[in-house]
Amino acid sequence: MGYNHKDIEHRWRPKFDAAKLSTCDLSSGEPFYCLDMFPYPSGDGLHVGHWRGYTLSDFYVRYWSLKGKNVLHPMGFDAFGLPAENAAIKSKTHPKKFTDRAIETFKTQLNALGALYDWKKQVNTSSPDYYRWTQWLFLQFFKHGLAEKRQALVNWCPKDQTVLANEQVVGGCCERCGSKVTKKSLSQWYLKITDFTESLLSGLDTLDWPEHVKALQRNWIGRSDGATVKFHTEHGPIEVFTTRLDTIYGVSAILLAPEHSLVEKLTKAAQEKTVQSYLQETLSKSDLDRQMEDQTKTGVFTGSTAIHPFSKQELPIWVADYVLPSYGTGAVMLVPAHDKRDHEFATAHNLPILSVIEPEFIDNKEPSNVREDLPFVERDGIVAIVKHWSEDKYLGLKWKKVAWGTWITGGIEKGQSPEEAATSEILEEVGYNKLRLVKNLGRLHSKFYHGPKSENRSLHGHCLYFELTSDEMAQISDEEVGKHEPIWLSKGEVEQFMTADAHKWAWRQLQDDPALYEGSGYLTNSGRYDGLSSDLAAKKIADDLAIRGIGGQTVSYHLRDWLVSRQRYWGCPIPIVYDPKGYPHAVKDEYLPLLLPTDVDFQPGGESPIARSKEYAKRAEKFYSKGWHFDTDTLDTFVDSSWYYLRYLSPRDDQQAFDKSRVKKWLPVDLYIGGIEHAVLHLLYSRFVFQFLSKFGYVDVKTNEPFKKLFNIGMVTLHGAKMSKSKGNVISPDPLIDAYGTDALRGYELFLGPVENDAEWSGNGINGIHRFLIKLEKLSTLVHPTAIESQRQRFDEYLDTINKMIQDFRLNTVISEGMKLINTLGSKVIDAEVWRRFLVTISPMYPYLSQELYASSSQKGLIIEQEKWPEKFHVAHKVQVIKVLFNQKFVGSLEADKSFSETNILELISHSPAIAAKINKGKFSRTIYKPGELINLIP
RNA sequence: GGGCAAGUGGUGGAAUGGUUUACACGUAGCACUCAAAAUGCUAUGAGCGCAAGCUCAUGUGGGUUCGACUCCCACCUUGCCCACCA
């Protein structure tokens, strides 16, 4: 007979299709909402990479159903979008035709998977009965003032001829087609996602999502705590945003983004020409060109000045294109000594560089890292750089007891000046006494743990630079000779030689005064704030600014409002109508859905193709009156997909977008499965929309979040690259199903590696699963209704193991455990009850074969309907197996009664000749005993 | 520049403090066959050895521990994401 997968699949598929899971009764049972990210029906068909995710979700659908939950597992199609439109342009057919055909292909392929979907709840975002409610959703934003039309410079893709959201610009290029993105000034609709930044941020803490996905979202929202400061000018204040308010005394200019509203006013007649041509040049650049980091920082002086709020100094105002208009306030204070970019700019344009922070270095490396539980002991000290009397070399100390390279250092005794202290240290440590002080390099601070004294030190060091005037030397004490060895270093060797950051900094300070320092420390040259730490100073300065009403602490975000207008045809029409004066109004409910016009030429041309529809223009005048017209853009398709999971619960409802009571029962989604590529876009927008609906009472769900648990399925790669038709590296499941069967392919998809990791496809591996299934089919003839203790005991272990693994999504090892169990059952008689329970546990992986064997061992009906996830037999273990180690080496294991103590076990060992022989005649000084596990004998 | 993840046989990977390399793939040998495929059985980290066995191996170097792939510190390498974000 043998294993014939085609027969088996043919026999059971119709029964799976008719299973009760295929139509979820939403009103009963304990809900479990298992959701796949719905696909875009591309027409390329499914490859083995898609299968991995769908296999995974079907596994959990079957598993949770066996665990007694009422599982909802719907599927639908994210059917609006560019590829269909582009294909339509090419083939001169309507995108709807293209889309409908692709959906049919998809459904056929999905059915081959043997998965259980509730197709009765299918949604299609391009169908009017769906997008009518997408339009409703948009209008709710409009109604609450959270949809707004703004004229702004937007990201423009010259190839697709449409605007792009920030999130769709990747590295300055269009996410979809890769063209360089340019800027264009357009009037567009925005959804105010920035009103929700804090709740989008804090909501992340409540979610059971992979940490790295949460990190991506946090990163994208990009909260940064800082302050604003107003600098007064003759045309009103310029507000800047900074995270380094402590450096405010180091400002040497104010820089404006070219787009800043004050640029024009502040430009003096003499600078008019230069500024104008600079603006023209930068505004025509693409974002990518403008953001090239390695190019020199450009900018021009406006002729105006601003007043420093503390020093009252006049600061020149410049325009510079590295200042981004969309972040902070579009204006920055230039602090060249403490910001790398500002340093480059000041160097390029000869602006003053003033150091206002004395650096502080905190040691975090063993053994001198700061101990948290100890207070700091304050000490004054010196760091001396000493130059050779004739050569261009500098004196370093190589420490003998620790791997340190330093300059000459030491403490300052009472009554000594830093110079005196340094001079005497130099004399003591290296013996030179003819030298002169050339330069004071300023102070640095260092926090570290002083091992010999067992205390935390906070050292305040004066950095001094000396030159020797002669090689004359005094005698050095033996003690000093034993401590370290003096080494003359050439300029090139210094950075490498010095181990501590503080000593490296002293060197850079000598080379380039003041050296760029971006860390924190203590203030200097900062008026009454001198001597404060960076943290404390920033707070005080912010307070003082707030009192004067010219600034204070604030928070800035990377996240921008969501631009949703698209100048494309194949999308949801924006339900806005303009009166003859151009004011926008919501399209009346009775006119919804506002259907896509059909008399449209799709060729892209800078405006929406819909604008060319005569019917659409007429329709507006018919519904309203002469001079009225509809918005001719369509919505970003991410709006469509931001709420589809709500529509599944009442897909045919023509009275409302979703059913509030069902949403209350079924949301949040219990398990959401999809790829990492949606970590910021879809998942952030969906959270935003859901939080909006929640805030205004459209939904009533405690969590305020749509997706409780997110699982990211790893990508399947071929030759290291993501599978895609255009790269020609696609593996189709069809021939594999034909040769090995659906079960084998499902098993192999999960066996490929941990499901959250990417996996390289290897053609041969499927053999292993296939052989396992053949073996199972053979073993089924050995099944006999006899209770076999050892098999039941083994099954209990197996079940414990996989139960835990399933919770942790470690399905590759669940597959292994099944193989291991079968390998240990042997080729004699198999306990029928063990067999039945085993078949239930593998049915989520191998639904067809498990079902076939279940039925042939005289069980009736479908596993998924008849069975529950099995319980253990609870066979009592009378003995325990103890591993015996001698001097860390395994010398054997023995079986001991569970009640045995350490003494009993030692006795057993002495009576076991095989083990006793290996343990050096029983001589050992002590033992380490871990009950039920091992005993370690230490000689 | 910032953030995150990962480094274990020829390969995918297993082991979250206790015999490293489970389970598979691949490879080799054997059985079945006229033959091949399929299937089954056996072997398979490296080095030394006739063998029993010994030594060495989880990116590198330290540390904690009776015991470290696992925990701590530093470093190296690779991958991913973000990035003139003030």
Side-chain angles (χ1 to χ4, degrees), chain A residues 2-3 170-172 210-216 218-220 222-224 226-227 240-245 247 255 257 290-295 297 320-324 326-335 338-342 344-345 364-367 369 403 518 556-560 676-677 679-680 715 720 747-748 751-754 756-772 774-775 778 810 812-823 827 883-885 887-893 924-930 933-939:
Chain A
Y3 171 48
V170 177
E211 277 310 317
H212 68 281
V213 176
K214 294 201 224 177
L216 282 175
R218 280 194 197 101
N219 206 315
W220 187 261
R223 181 187 160 117
S224 82
V240 306
F241 175 75
T242 177
T243 54
R244 289 301 302 274
L245 195 55
T247 64
L255 306 188
R290 197 166 147 181
Q291 285 171 12
M292 292 291 267
E293 209 176 325
D294 45 337
Q295 67 189 16
K297 301 222 167 342
D321 71 355
Y322 79 92
V323 180
L324 303 176
S326 50
Y327 185 75
T329 57
V332 304
M333 56 187 213
L334 183 85
V335 185
H338 305 291
D339 182 281
K340 189 164 175 254
R341 296 150 305 165
D342 293 354
E344 283 171 29
F345 187 85
N364 57 2
K365 289 180 199 168
E366 279 191 3
N369 56 316
E518 295 191 285
S556 190
Y557 299 92
H558 178 181
L559 186 69
R560 306 271 172 281
I676 185 75
E677 66 272 19
V680 279
M715 203 168 58
Y748 184 51
F751 193 53
L752 224 41
E756 73 271 24
N757 291 359
D758 291 352
E760 171 71 14
W761 185 263
S762 129
N764 283 322
I766 195 169
N767 283 334
I769 304 285
H770 190 228
R771 282 172 199 156
F772 171 70
I774 289 166
K775 199 184 214 172
K778 274 188 189 163
R810 290 160 53 219
N812 56 327
T813 54
V814 171
I815 302 250
S816 302
E817 290 303 319
M819 292 171 168
K820 282 188 204 172
L821 178 66
I822 287 304
N823 289 347
S827 51
K883 295 172 205 161
V884 183
L885 280 76
N887 193 23
Q888 273 322 109
K889 273 181 196 155
F890 179 77
V891 289
S893 60
F924 45 89
S925 57
R926 67 188 182 113
T927 59
I928 287 159
Y929 176 56
K930 244 182 131 179
E933 210 173 327
L934 61 81
I935 184 156
N936 191 5
L937 313 173
I938 319 276

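In the text below, chain A, chain B and the rest are named by the order of the sequence lines, each starting its count at 1.
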Handout entry: Between NZ on residue Lys297(A) and NZ on residue Lys340(A), distance to nearest 0.5 Å
Key = 7.5 Å
Exercise for the section: Please report the shortest heavy-atom distance between Met333(A) and Asp342(A), naming the atom on each side. Expected result: O-OD2, 3.5 Å
Practice task
For rA52(B) and rG45(B), measure between their P atoms and round to the nearest Å.
Solution key: 14 Å
Practice task
Could you tell me which residues satisfy ring-ring contact (aromatic ring centres under 6.0 Å, His included) with Tyr748(A), sequence neighbours excluded, listed by chain and number?
Solution key: Trp761(A)
Handout entry: Minimum side-chain heavy-atom gap Glu817(A)-Lys820(A) below 4.5 Å
Key = yes
Problem - Gap in Å between the two C1' atoms, one belonging to rA24(B) and one to rU33(B), rounded - result: 27 Å
Practice task
Report yes if the side chains of Ile928(A) and Ile935(A) come closer than 4.5 Å at any heavy-atom pair, otherwise no.
Solution key: no
Handout entry: Residue Asn764(A), side-chain heavy atoms: nucleotide from rC81(B), rG26(B), rA86(B) that is nearest
Key = rG26(B)
Handout entry: N/O (side chain, Arg218(A)) to phosphate O (OP1/OP2, rC82(B)) under 4.0 Å
Key = no
Problem - Nearest-Å distance for atom pair CD/P, residues Glu518(A) and rC84(B) - result: 15 Å
Problem - Between P of rC82(B) and NE2 of His212(A), the distance in whole Å - result: 13 Å
Practice task
Grab the CG-C1' distance between Leu821(A) and rC23(B) for me, whole Å please.
Solution key: 13 Å
Exercise for the section: Rounded to whole angstrom, note down the C1' distance from rU21(B) over to rC32(B). Expected result: 33 Å
Practice task
Scan nucleotides 10-19 of chain B nucleotide by nucleotide, 5' to 3', and note B when protein non-hydrogen atoms come under 4.0 Å of the base, S if they reach only the sugar-phosphate, - if neither.
Solution key: --BSSS--BB
Handout entry: Spacing of the C1' atoms in rU19(B) and rC25(B) (rounded, Å)
Key = 25 Å
Handout entry: Donor-acceptor pair present, Lys340(A) side chain and rC84(B) base, under 3.5 Å
Key = no
Handout entry: P gap between rC81(B) and rC72(B), integer Å
Key = 27 Å
Fill in the blank from the handout: 5'-most contact on RNA chain B (nearest-nucleotide basis), Glu211(A) vs Gly768(A), goes to Glu211(A)
Completion exercise
The glycosidic conformation of rG9(B), counting syn as within 90° of 0 and anti otherwise, is syn
Practice task
Salt-bridge test for Glu211(A) and Lys214(A): reply yes if a basic N is under 4.0 Å from a carboxylate O, no otherwise.
Solution key: yes
Below 3.5 Å between N/O atoms, which protein atoms pair up with nucleotides 36-45 of chain B? Just atom names and distances, please.
from, atom 1, to, atom 2, distance (Å)
rU39(B), O2', Lys778(A), NZ, 3.3

Handout entry: Val323(A) side chain, from C-beta outward: closest of rA86(B), rC84(B), rG2(B)
Key = rA86(B)
Practice task
Can you tell me, in whole Å, how much space there is between the P of rU77(B) and that of rU65(B)?
Solution key: 32 Å
Practice task
Evaluate side-chain contact (heavy atoms from CB on, under 4.5 Å) for Ile815(A) paired with Ile769(A), printing each intermediate quantity in order.
Solution key: CA-CA 9 Å; Ile815(A) 302 250; Ile769(A) 304 285; 3.9 Å; yes
Exercise for the section: Tell me, please, which residues at least two apart from Arg218(A) pass salt bridge (charged side-chain N to carboxylate O under 4.0 Å, His left out). Expected result: Asp205(A)
Problem - Dot-bracket pairing map - RNA chain B, Watson-Crick plus G-U, both contacts under 3.5 Å, | cross-strand - result: (((((((..(((.....[....)))((((((.......))))))((((....))))..(((((..]....))))))))))))....
Exercise for the section: Round to the nearest Å and state the distance from Trp761(A) atom CH2 to rC25(B) atom C1'. Expected result: 13 Å
Problem - Donor-acceptor contact below 3.5 Å, side chain Arg244(A) vs main chain Glu518(A) - result: yes
Problem - rC82(B) to rA38(B) separation - P atoms, rounded to the nearest Å - result: 45 Å
Problem - rA5(B) to rU55(B) separation - C1' atoms, rounded to the nearest Å - result: 35 Å
Problem - Integer-rounded Å distance: rC85(B) C1' and Tyr557(A) OH - result: 14 Å
Handout entry: First encountered from the 5' end of RNA chain B, between Thr242(A) and Ile769(A)
Key = Ile769(A)
Exercise for the section: Could you check how far CE of Met819(A) sits from C1' of rC25(B), rounded to whole Å? Expected result: 10 Å
Exercise for the section: List for me each residue that meets side-chain hydrogen bond (donor to acceptor under 3.5 Å, both in side chains) alongside Ser762(A), sequence neighbours excluded, and say none if there are none. Expected result: none
Exercise for the section: Kindly indicate whether the side chain of Ile676(A), heavy atoms from C-beta on, has any atom under 4.5 Å from the side chain of His212(A). Expected result: yes
Exercise for the section: Have a look at Ser762(A) and say if it touches a base, only the backbone sugar-phosphate, or nothing, with a 4.0 Å heavy-atom cut-off. Expected result: nothing
Problem - Evaluation steps, side-chain contact (heavy atoms from CB on, under 4.5 Å), between Asn936(A) and Lys930(A) - result: CA-CA 9 Å; Asn936(A) 191 5; Lys930(A) 244 182 131 179; over 6 Å; no
Practice task
Over 60° means perpendicular and under 30° means parallel, so classify the ring planes of Phe241(A) and Tyr327(A), tilted if in between.
Solution key: perpendicular
Practice task
Please state how far atom OH in Tyr929(A) lies from atom P in rG67(B), giving the value in whole angstrom units.
Solution key: 21 Å
Exercise for the section: Could you state the atom-to-atom distance from CD of Glu677(A) to P of rC82(B) in whole Å? Expected result: 13 Å
